[in-house]
Participant: 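Below is a structure I'd like to ask you about.
Quick note on labels: first sequence line is chain A, next is B, and so on, each numbered from 1.
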Protein chains: 2
Amino acid sequence: MAARDYGQYCGVTRALELVGERWALLIVRDLLVGPRRYGELAAGLPRIPSNILAARLKELQGAGLIRRVPRSRVIIYELTPYGRELEPIVLALGAWGFKAMGDPRAEQIITPDSMTMALRTAFRPDVAASLPATAYGARFGPAELLVRVDGSTLDVRRGDGPVDLAFAAGPEIRRLISGELSPDRAIATGVVEVLRGHGRLLDRFANTFHLAA
Amino acid sequence: MAARDYGQYCGVTRALELVGERWALLIVRDLLVGPRRYGELAAGLPRIPSNILAARLKELQGAGLIRRVPRSRVIIYELTPYGRELEPIVLALGAWGFKAMGDPRAEQIITPDSMTMALRTAFRPDVAASLPATAYGARFGPAELLVRVDGSTLDVRRGDGPVDLAFAAGPEIRRLISGELSPDRAIATGVVEVLRGHGRLLDRFANTFHLAA
DNA sequence: CGGGATCCCTTAGGATACTG
DNA sequence: CAGTATCCTAAGGGATCCCG
């Protein structure tokens, strides 16, 4: 239960003792999107063995990063304030790792929560502030996200709703975010399929969400 | 050799595949201080098995984070630009982990490189800019650091030199950095032992280096 | 002596099945 | 649905040895 320690009195080692174990930071990533039930976490991390998920949840709880809250017959896990302080770090790791993402391999999936965090990472509030409020419906495989940008604020949630532009895309969306692929070509090559609204709005999307590659 | 993957197409998972393995980020931490030889890395990470150190160095090299440079009969390891981009992340992890550091346990050590990174984490350039240039000689157990603050720049290196204030301290120095312990009381209780110069300068030190607990 | 490689053993982690 | 229990593999730990 006590995580393996590094034997050093150092902030970095302490941090790694708390969230350095395999899967731990991915659980945090998903909980940053919102409180989740055990089954939801398992669904968002399809390759995690259930015993490991259970063990990590206990460790994170013991470390004061998450709370286990019974809510009307079901149990939900949510981040404590201390756990939520990891948000900038997780986002920074996402931006850093983004640069090393090659092309997607067949077995690699995109989950709603990971995509939500990716959008948060790529969001450019200053750019968004100068654009009209826009709602996007983004479908990535089975994940349907409602992305609302209003001024410099971003709200991403699951499900759909009234949107200005609805589109479907595969993992190749990465090349749109990185600027390797223009919105025009993304549509022309079928990387992005416009479902509703005018394709021109994909320009706005690409301007609002951008990450260096 | 290929790190175990998470099966997700996501920046965070990619980052963890590159630096999420045990010890990896600590190697990066030490290399952020400067290029190091194999033996120096091993000395700074006393509990790492040598086969693991060798394996991590190969993985980090394969991932393009570090370079293996032969230099006049010896081999040194240094970060690539991509590896150096981890600096803000490592510092942020250090600051976050700092809050969860309890009191030091007997077997926990302080290494020169970890202390250097801790000072970088705690450094407040804006505060320093309004103070006179100052050189500190800080001894933490066996580690002797020369800490030079000039305007908003910080330079930490090993060894000593001409300083305005020289002091020795144990791991309890943490409580000075966090503000739990005033400089006066740090000296009075023996947490900090002034070796040279005027103890008043410890005020300046505590103002220059501060981390929330 | 620096820079590893090898051996053996322990334990975390993965796959799967099972239970309150 | 929310986890345990079990079994097995592979990564990590510790010591020692090797090679240029």
Side-chain angles (χ1 to χ4, degrees), chain A residues 1-8 13 16-28 30-31 34-63 66-78 107-109, chain B residues 1-8 13 16-28 30-31 34-63 66-78 107-109:
Chain A
M1 162 93 208
R4 296 176 289 170
D5 73 320
Y6 287 100
Q8 300 192 0
T13 54
L16 293 177
E17 285 162 7
L18 298 182
V19 295
E21 301 288 316
R22 196 164 159 76
W23 297 106
L25 218 44
L26 296 181
I27 295 172
V28 172
D30 287 3
L31 289 179
R36 293 283 179 267
R37 301 159 57 160
Y38 186 95
E40 294 173 323
L41 289 169
L45 271 8
R47 308 236 300 223
I48 195 176
S50 86
N51 55 345
I52 299 295
L53 176 55
R56 289 293 170 275
L57 289 172
K58 278 186 192 136
E59 291 161 11
L60 293 173
Q61 190 189 354
I66 67 175
R67 246 189 314 259
R68 195 171 183 278
V69 185
R71 180 175 293 180
S72 68
R73 294 208 44 104
V74 298
I75 287 162
I76 63 162
Y77 295 91
E78 63 181 23
E107 82 282 8
Q108 289 187 312
I109 63 168
Chain B
M1 162 96 208
R4 294 176 291 168
D5 74 320
Y6 287 99
Q8 301 193 357
T13 53
L16 293 177
E17 286 162 8
L18 298 181
V19 296
E21 301 287 317
R22 196 163 157 76
W23 297 106
L25 219 44
L26 296 181
I27 295 172
V28 172
D30 286 4
L31 289 178
R36 293 283 180 266
R37 300 158 59 161
Y38 186 94
E40 294 173 323
L41 289 169
L45 272 7
R47 310 237 297 224
I48 194 175
S50 90
N51 56 343
I52 300 295
L53 176 55
R56 290 294 171 273
L57 288 173
K58 277 185 193 139
E59 292 161 9
L60 293 173
Q61 190 189 354
I66 67 175
R67 247 191 311 260
R68 193 174 183 275
V69 186
R71 181 176 291 179
S72 68
R73 299 216 34 114
V74 298
I75 288 162
I76 63 164
Y77 295 90
E78 63 181 23
E107 81 283 8
Q108 290 188 310
I109 62 169

Participant: Dot-bracket, DNA chain C: Watson-Crick or G-U, under 3.5 angstrom, [ ] crossing, | other strand?
Facilitator: |||||||||||||||||||.
Participant: Would you indicate which nucleotide in D:dG13, C:dG14, C:dG3 comes nearest to any side-chain atom of B:R4?
Facilitator: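 Nearest to the side chain of B:R4 among the choices is C:dG14.
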Participant: Measure the CG-CZ distance between A:L45 and A:R56 for me, rounded to the nearest 0.5 Å.
Facilitator: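 So the gap between those two atoms works out to 11.0 Å.
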Participant: Of the candidate nucleotides C:dG4, C:dA12, C:dG14, which contains the atom at the shortest distance from the side chain of A:N51?
Facilitator: C:dG14
Participant: At under 4.0 Å, does any side-chain N or O of B:W23 touch on OP1 or OP2 of D:dG13?
Facilitator: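 Yes.
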Participant: Please test A:L60 against A:L31 for side chain to side chain contact (heavy atoms under 4.5 Å, CB included), starting from the C-alpha separation and ending with a verdict.
Facilitator: CA-CA 12 Å; A:L60 293 173; A:L31 289 179; 5.8 Å; no
Participant: Taking the side chain of A:R56 as heavy atoms from C-beta outward, which of C:dA12, C:dG4, C:dG2 is closest to it?
Facilitator: C:dA12
Participant: Using a cut-off of strictly less than 4.0 Å, decide whether B:K58 has a side-chain nitrogen or oxygen near OP1 or OP2 of C:dG3.
Facilitator: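 No, B:K58 has no side-chain N/O under 4.0 Å of OP1/OP2 on C:dG3.
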Participant: Just to confirm, is there a sub-4.0 Å distance from OP1 or OP2 of D:dA15 to any side-chain nitrogen or oxygen of B:R47?
Facilitator: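 No.
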Participant: Relative to each other, are the rings of A:Y77 and A:Y38 parallel, tilted or perpendicular (30° and 60° limits)?
Facilitator: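 Answer is tilted, since the angle falls between 30° and 60°.
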Participant: Can you find a heavy atom in the side chain of B:P35 that is under 4.5 Å from one in the side chain of B:V69?
Facilitator: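 The answer is no; the side chains never approach within 4.5 Å.
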Participant: If you check the A:I75 side chain, which of D:dT6, D:dG12, D:dA2 turns out closest?
Facilitator: D:dA2
Participant: Once you round it to whole Å, what is the distance between P of D:dG14 and OH of A:Y6?
Facilitator: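 From A:Y6 OH to D:dG14 P: 13 Å.
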Participant: Roughly how many Å is it from CD in A:Q61 to P in D:dA2, rounded to a whole number?
Facilitator: 15 Å
Participant: Side-chain contact, heavy-atom cut-off 4.5 Å: A:I66 with A:V28?
Facilitator: no
Participant: Check the distance between D:dC1's C1' and A:I76's CD1 and give it to me in whole angstrom.
Facilitator: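 About 15 Å, once rounded to whole Å.
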Participant: Once you round it to whole Å, what is the distance between C1' of C:dC1 and CD of B:E40?
Facilitator: 14 Å
Participant: Quick check against the 3.5 Å criterion: does A:Q8 have a side-chain atom that pairs as donor or acceptor with the backbone of B:G44?
Facilitator: yes
Participant: Phosphate oxygens OP1/OP2 of D:dG3: is one of them under 4.0 Å from a side-chain N or O of A:Y77?
Facilitator: yes
Participant: Rounding to a whole Å, what distance do you find between A:I52:CD1 and D:dA11:C1'?
Facilitator: 13 Å
Participant: Ignoring hydrogens and geometry, is there a side-chain-to-backbone donor-acceptor pair from A:T13 to A:Y6 under 3.5 Å?
Facilitator: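 Not at all, since once roles are kept as given, no pair shorter than 3.5 Å links the two residues.
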Participant: Can you check the B:L41 CG to C:dG2 C1' distance for me, whole Å?
Facilitator: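 B:L41 atom CG is separated from C:dG2 atom C1' by 13 Å.
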Participant: Does A:R22 make a side-chain N or O approach to OP1 or OP2 of C:dG14 shorter than 4.0 Å?
Facilitator: yes
Participant: Just checking A:R73: base, sugar-phosphate only, or nothing, at a heavy-atom cut-off of under 4.0 Å?
Facilitator: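 A:R73: no heavy atom of the nucleic acid under 4.0 Å.
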Participant: Could you go step by step and tell me if B:E107 and A:D5 meet the side chain to side chain contact (heavy atoms under 4.5 Å, CB included) rule?
Facilitator: CA-CA 11 Å; B:E107 81 283 8; A:D5 73 320; 3.9 Å; yes
Participant: Grab the CG-C1' distance between B:D5 and C:dG14 for me, whole Å please.
Facilitator: 13 Å
Participant: With a 3.5 Å cut-off and just heavy-atom distances, do the side chain of A:S50 and the base of D:dA2 make a donor-acceptor pair?
Facilitator: no
Participant: Quick one: A:I27 CD1 to D:dG3 C1', roughly how many Å, whole number?
Facilitator: 14 Å
